[in-house]
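Shown next, in structure tokens, is the structure this report addresses.
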Amino acid sequence: MTTPAQAPPARVRETASPVDEDVLTAIETAMVRIRRRQSRRSLARPVAEEMPEPIDLNTLAVIDAVDEGAARPDQPVTVGFVADRLAIDPSRASRLVTAAVKSGHVLRVASQEDGRRSCLELTDTGRAAVSAAHHTRQQFYARLLEGWPEEEQREFARLLDKFVHSLDTVRP
């Protein structure tokens, strides 16, 4: 049995500037609260409910991922891309993409670089759905930021983008 005195020290990564423990606690608490809300899909449900046509929450996640990928012309939007963006295994992503194709939101097309590969594109229905989703989410964020000074809104957006970029580049 290992006692606390015998336990190996926690691995701490050296950083350019140390981060205050109170800052880390505040960030951790906020991120846990965000994760809980996301796991309940508390924002996705109202988005899906306000769609002109009913849409499955998983299909909404797929069309969001395809839309994100379409904004990056350097990377083909494939099932693998969707799996990466949704943080799920490729076989689950394949099933979700198949459902999105069947629902008429996503189209499989042959890759122009490699005919053996299928790429994904939004259909007109998919583009309308993702546009409605953007609008609904942005309206919600507008309500949250109402009353914040404009400079704080811009700073929050800049720092949140910077933080999320770090999530994509730094591994635990």
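Side-chain contact between Leu96 and Ile88: present, with at least one pair of heavy atoms (C-beta onward) separated by less than 4.5 Å.
By the side-chain contact (heavy atoms from CB on, under 4.5 Å) test, Asp22 pairs with Asp20, sequence neighbours left out. A search for side-chain contact (heavy atoms from CB on, under 4.5 Å) contacts involving Arg127 returns Leu122, Asp124, not counting sequence neighbours. In this structure Glu68 satisfies the salt bridge (charged side-chain N to carboxylate O under 4.0 Å, His left out) test together with Arg85, sequence neighbours excluded. Among residues two or more places apart in sequence or in another chain, the ring pair (Phe, Tyr, Trp, His ring centres under 6.0 Å) test is passed with Phe163 by none. Every residue meeting the side-chain contact (heavy atoms from CB on, under 4.5 Å) condition with Leu159, not counting sequence neighbours, appears here in chain and number order: Glu155.
For His134 and Asp67, the side-chain atoms include at least one donor-acceptor pair closer than 3.5 Å. Thr78 and Arg108 are not linked by any side-chain donor-acceptor pair at a separation below 3.5 angstrom, with hydrogens and angles left out of the test.
The structure places CD of Gln139 at 4.0 Å from NE2 of His135, a figure rounded to the nearest 0.5 Å. Note that CD of Glu28 and CZ of Arg35 are 10.0 Å apart. Values are rounded to the nearest 0.5 Å. Thr25 contributes atom OG1, which lies 5.5 Å from atom CD of Glu21 (distance to the nearest 0.5 angstrom).
Scanning all heavy atoms of the two residues, the minimum distance from Pro76 to Cys119 falls at CB-SG, 4.0 Å. Between Val77 and Ala70, the shortest heavy-atom contact is CG2-N, 3.7 Å. Contact between Thr125 and Gly104 at its shortest, heavy atoms only, is CB-O, 3.6 Å. Ala100 and Val62 get closest at one heavy-atom pair: CB-CG1, 3.9 Å.
Just one of Ile55, Thr59, Asn58, Thr123 meets the side-chain contact (heavy atoms from CB on, under 4.5 Å) condition when paired with Ser103; it is Thr59.
Both Leu145 and Val164 belong to a common hydrophobic cluster when Ile, Leu, Val, Met, Phe, Trp and Tyr are linked at side-chain heavy-atom distances under 4.5 angstrom. Grouping the Ile, Leu, Val, Met, Phe, Trp and Tyr side chains by contacts below 4.5 angstrom, directly or via other members, places Leu160 apart from Val32.
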Practice prompt. Please assess Arg95 against Ser91 for the test side-chain contact (heavy atoms from CB on, under 4.5 Å), listing each intermediate value before the final yes or no.
Written response: CA-CA 6 Å; Arg95 290 189 298 276; Ser91 62; 3.9 Å; yes

Discussion item. Could you walk me through whether Leu60 and Ile63 satisfy the side-chain contact (heavy atoms from CB on, under 4.5 Å) test, starting with their C-alpha distance in whole Å, then the side-chain angles of each, then the deciding distance to 0.1 Å, before giving a yes or no?
Written reply: CA-CA 5 Å; Leu60 182 59; Ile63 65 172; 4.0 Å; yes

Worksheet item: Under the side-chain contact (heavy atoms from CB on, under 4.5 Å) criterion, do Leu86 and Asp64 qualify, and how do the steps go?
Response: CA-CA 10 Å; Leu86 300 183; Asp64 273 333; over 6 Å; no

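Other members of the hydrophobic cluster containing Val109, listed by chain and number, are Leu107; membership follows side-chain contacts under 4.5 Å among ILVMFWY residues, whether direct or relayed.
In this structure, Glu121 contributes its side chain and Val106 its backbone to no donor-acceptor pair below 3.5 Å.
The environment of Glu151 atom CD is dense: over 12 non-hydrogen atoms of other residues, nucleotides or ligands sit within 6.0 angstrom.
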